Colleague: 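One structure coming up, written as structure tokens, with questions to follow.
Computed from a predicted structure; not experimentally measured. All chains are named by letter (A, B, ...) in the order of the sequence lines, taking the proteins before the strands, and each is independently numbered beginning at 1.
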There are 2 protein chains.
Amino acid sequence: MKTTIGFEEALRARNLKVTPQRMLLLGEVSRLGHVGIDELYEKVKTVSPSVSLATIYKNVNLLVEEGVMKEVPIEGRKSVYEIDRGDHIHFVCRTCGFVEDFNTDSDELCAMFTERYGRQIDGFGITLSGHCSKCRQ
Amino acid sequence: MKTTIGFEEALRARNLKVTPQRMLLLGEVSRLGHVGIDELYEKVKTVSPSVSLATIYKNVNLLVEEGVMKEVPIEGRKSVYEIDRGDHIHFVCRTCGFVEDFNTDSDELCAMFTERYGRQIDGFGITLSGHCSKCRQ
DNA sequence: CTGGTTGCAAAATTTTTGCACTGGT
DNA sequence: ACCAGTGCAAAAATTTTGCAACCAG
């Protein structure tokens with residue numbers, strides 16, 4: 001589990017200032033796992049009501065560009081965001097939209113796809129779908 | 001290659017009327033392969049300038065719901081749309097965003113993922129990334 | 001101090017909607 | 001002739017931007 005200290009380091013390493021808004025935002029994304037802009041804004045506001053939506057947008061865009069967070073685009077829904085911890089793919093529940101991480105080995109998968117399609121593959125986004133335990137029954 | 005007749009049948013099979021706007025829209029999506037809303041609107045307008053953006057939106061949403069077209073969400077870009085021909089995954093050029101189809105066997109891949117992760121997988125979205133021939137050099 | 005960051009409000013962009021009219025069946 | 005589909009304009013929703021004040025380093 002990534003700690004709050006880890007985020008401070010990540011910010012400093014990129015010459016970004018460690019502000020309360022950023023730490024709160026990163027903490028919520030980390031805690032929730034995957035979260036859309038609206039939900040993130042709501043959660044952040046419950047802790048610190050003065051934080052503005054503009055700050056959420058500015059920071060999400062910035063942190064995605066800087067590689068601290070990652071956008072997870074989903075068919076038929078709005079994108080959600082996560083802390084970039086690398087090497088995993090996503091499982092989305094067809095019914096409720098809940099997103100889970102599945103561990104994977106990126107290099108292995110890239111190699112597999114590169115061989116299978118005869119083209120150099122250096123990245124991928126994989127979103128599997130099915131039903132989560134709650135919606136399965 | 002899918003013909004214009006194929007689209008008429010697809011529409012009639014769903015009790016949707018065969019209008020010039022729809023045929024033009026489907027024709028452009030088919031011809032271009034993968035296209036965003038804006039580009040689609042521009043292309044359609046060059047052929048038939050009276051078509052409205054609202055009609056583009058209404059039809060794209062409708063045709064995606066009806067399974068005639070498919071949304072292809074892409075990290076860091078806006079979604080593009082394609083004719084739903086099933087059984088393929090996407091390759092997106094990191095540099096120019098060009099989207100290519102790679103043929104695949106959906107059932108085989110679902111089975112592979114189901115086994116690998118121990119969860120029933122009944123669909124997936126896979127977007128590989130690398131560089132297209134033009135941007136590679 | 002000082003430049004990056006924030007909050008607010010306004011602006012820009014994107015998407016949806018209401019409604020009268022048109023046109024496919 | 002009926003009603004889905006269209007175009008237009010307005011509205012709603014989403015995202016970006018400008019700027020003065022603020023605060024982390």
Side-chain angles (χ1 to χ4, degrees), chain A residues 4-5 7-29 35-66 68-69 71-81, chain B residues 4-5 7-29 35-66 68-69 71-81:
Chain A
T4 248
I5 303 294
F7 292 138
E8 289 196 23
E9 289 169 346
L11 292 174
R12 289 195 219 284
R14 292 167 175 81
N15 292 314
L16 301 177
K17 291 190 173 170
V18 178
T19 65
Q21 292 89 337
R22 266 175 201 164
M23 290 308 289
L24 178 51
L25 185 156
L26 287 167
E28 288 303 296
V29 175
V35 60
I37 295 285
D38 290 351
E39 190 188 351
L40 180 56
Y41 180 46
E42 292 309 319
K43 296 294 182 182
V44 166
K45 268 204 307 189
T46 63
V47 179
S48 179
S50 65
V51 175
S52 70
L53 182 55
T55 294
I56 300 287
Y57 272 108
K58 286 170 183 167
N59 278 307
V60 167
N61 288 341
L62 177 65
L63 294 170
V64 167
E65 281 169 23
E66 294 288 345
V68 179
M69 300 189 356
E71 178 193 355
V72 182
I74 302 175
E75 209 178 313
R77 303 179 189 267
K78 304 215 313 184
S79 288
V80 295
Y81 297 85
Chain B
T4 251
I5 303 295
F7 292 137
E8 290 196 21
E9 288 168 347
L11 292 174
R12 289 195 217 284
R14 293 167 175 80
N15 291 317
L16 301 177
K17 292 193 172 169
V18 179
T19 66
Q21 292 89 337
R22 267 175 199 164
M23 292 306 291
L24 178 51
L25 185 157
L26 287 167
E28 289 303 297
V29 175
V35 61
I37 295 285
D38 290 352
E39 191 189 351
L40 180 55
Y41 179 47
E42 291 309 319
K43 297 294 182 183
V44 165
K45 269 204 306 188
T46 63
V47 179
S48 180
S50 65
V51 175
S52 69
L53 183 53
T55 294
I56 301 288
Y57 273 107
K58 285 169 183 169
N59 277 307
V60 167
N61 289 340
L62 177 66
L63 293 170
V64 167
E65 281 169 23
E66 294 288 345
V68 179
M69 299 188 359
E71 178 193 356
V72 183
I74 301 174
E75 208 178 313
R77 303 178 188 269
K78 304 215 312 184
S79 288
V80 295
Y81 297 85

Colleague: Atom CE of Met23(A) and atom C1' of dT6(C): how far apart are they, to the nearest Å?
Modeller: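 Those two atoms, CE and C1', are 17 Å apart.
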Colleague: Begin from the C-alpha positions of Leu63(B) and Val29(B) and carry the test side-chain contact (heavy atoms from CB on, under 4.5 Å) through to its verdict.
Modeller: CA-CA 12 Å; Leu63(B) 293 170; Val29(B) 175; over 6 Å; no
Colleague: Please work out if Asn15(A) contacts a base, only the sugar-phosphate, or nothing of the nucleic acid, heavy-atom cut-off 4.0 Å.
Modeller: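 If one applies the 4.0 Å heavy-atom cut-off, Asn15(A) turns out to touch nothing in the nucleic acid.
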Colleague: Please give, in whole Å, the distance from dT15(C) P to Tyr81(B) OH?
Modeller: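 For the pair Tyr81(B) OH and dT15(C) P, the rounded distance is 7 Å.
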Colleague: Arg14(A) has an atom CZ; how far is it from atom P of dG4(C), in whole Å?
Modeller: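 Interatomic distance, CZ of Arg14(A) to P of dG4(C): 18 Å.
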Colleague: Roughly how many Å is it from CG in Leu25(B) to P in dG7(D), rounded to a whole number?
Modeller: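 Distance, rounded to whole Å: 11 Å.
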Colleague: On the nucleotide dT6(C), are OP1 or OP2 found under 4.0 Å from the side-chain N or O atoms that Ser52(A) carries?
Modeller: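 It does not, given that no N or O in the side chain of Ser52(A) lies less than 4.0 Å from OP1 or OP2 of dT6(C).
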Colleague: Measuring from Leu25(A):CG to Thr19(A):OG1, what's the distance to the nearest 0.5 Å?
Modeller: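 Reported to 0.5 Å precision, the distance equals 9.0 Å.
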Colleague: I need the CG-P distance between Leu40(B) and dT15(C), as an integer number of Å.
Modeller: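 In whole Å, dT15(C) P and Leu40(B) CG are 12 Å from each other.
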Colleague: Measure from CG on Asn59(A) to P on dG4(C) and round the result to the nearest Å.
Modeller: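 Distance, rounded to whole Å: 15 Å.
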Colleague: Looking only at side-chain N and O atoms, does Gln21(A) come under 4.0 Å of OP1 or OP2 in dG7(C)?
Modeller: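 Yes, because at least one side-chain N or O of Gln21(A) sits under 4.0 Å from OP1 or OP2 of dG7(C).
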Colleague: Show your reasoning for whether side-chain contact (heavy atoms from CB on, under 4.5 Å) applies to Lys78(A) and Ile37(A).
Modeller: CA-CA 9 Å; Lys78(A) 304 215 313 184; Ile37(A) 295 285; 5.8 Å; no
Colleague: Just grab all the salt bridge (Lys or Arg N to Asp or Glu O under 4.0 Å) pairs involving residues 10-27 of chain B, residues at least two apart or on different chains.
Modeller: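 Every salt bridge (Lys or Arg N to Asp or Glu O under 4.0 Å) pair that includes a residue of residues 10-27 of chain B, provided the two are not neighbours, is Glu8(B)-Arg12(B).
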Colleague: Specify the closest pair of heavy atoms between Leu40(A) and Val60(A), including all atoms of both residues, with the distance to one decimal.
Modeller: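 Where Leu40(A) meets Val60(A) most closely, the heavy atoms are CD2-CG2, 3.9 Å.
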Colleague: Under the rule for side-chain hydrogen bond (donor to acceptor under 3.5 Å, both in side chains), what residues qualify as partners of Glu28(A), not counting sequence neighbours?
Modeller: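 Listed in chain order: Arg31(A).
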Colleague: Determine, for nucleotides 12-24 of chain D in 5'-to-3' order, which nucleotides have protein heavy atoms under 4.0 Å from the base (write B), from only the sugar-phosphate (write S), or from neither (write -).
Modeller: --SBBBB-----B
Colleague: Quick one: list whatever passes side chain to side chain contact (heavy atoms under 4.5 Å, CB included) with Glu71(B), sequence neighbours left out.
Modeller: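 In terms of side chain to side chain contact (heavy atoms under 4.5 Å, CB included), with neighbours along the sequence ignored, Glu71(B) is linked to Glu75(A), Pro73(B), Ser79(B), Tyr81(B).
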Colleague: From CG of Leu62(B) over to C1' of dT6(D), roughly how many Å is that when rounded to an integer?
Modeller: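 Nearest whole value for this atom pair: 13 Å.
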Colleague: Considering only distance and modelled atom types, tabulate donor-acceptor pairs under 3.5 Å from the side chains of residues 46-53 of chain B, sequence neighbours left out.
Modeller:
unit_1   : atom_1 : unit_2   : atom_2 : d
Thr46(B) : OG1    : Lys43(B) : O      : 2.6
Ser52(B) : OG     : Thr55(B) : N      : 3.2
Ser52(B) : OG     : Thr55(B) : OG1    : 3.0

Colleague: Begin with the C-alpha distance, continue with both residues' side-chain angles, and end with the deciding distance and a verdict on side-chain contact (heavy atoms from CB on, under 4.5 Å) for Glu39(B) and Val80(B).
Modeller: CA-CA 9 Å; Glu39(B) 191 189 351; Val80(B) 295; over 6 Å; no
Colleague: Enter the inter-axis angle for the ends of the helix from dC1(C)-dG25(D) to dT25(C)-dA1(D) (five pairs per end, rounded to 10°).
Modeller: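 Computed from the C1' atoms at both ends, the axes differ by 40°.
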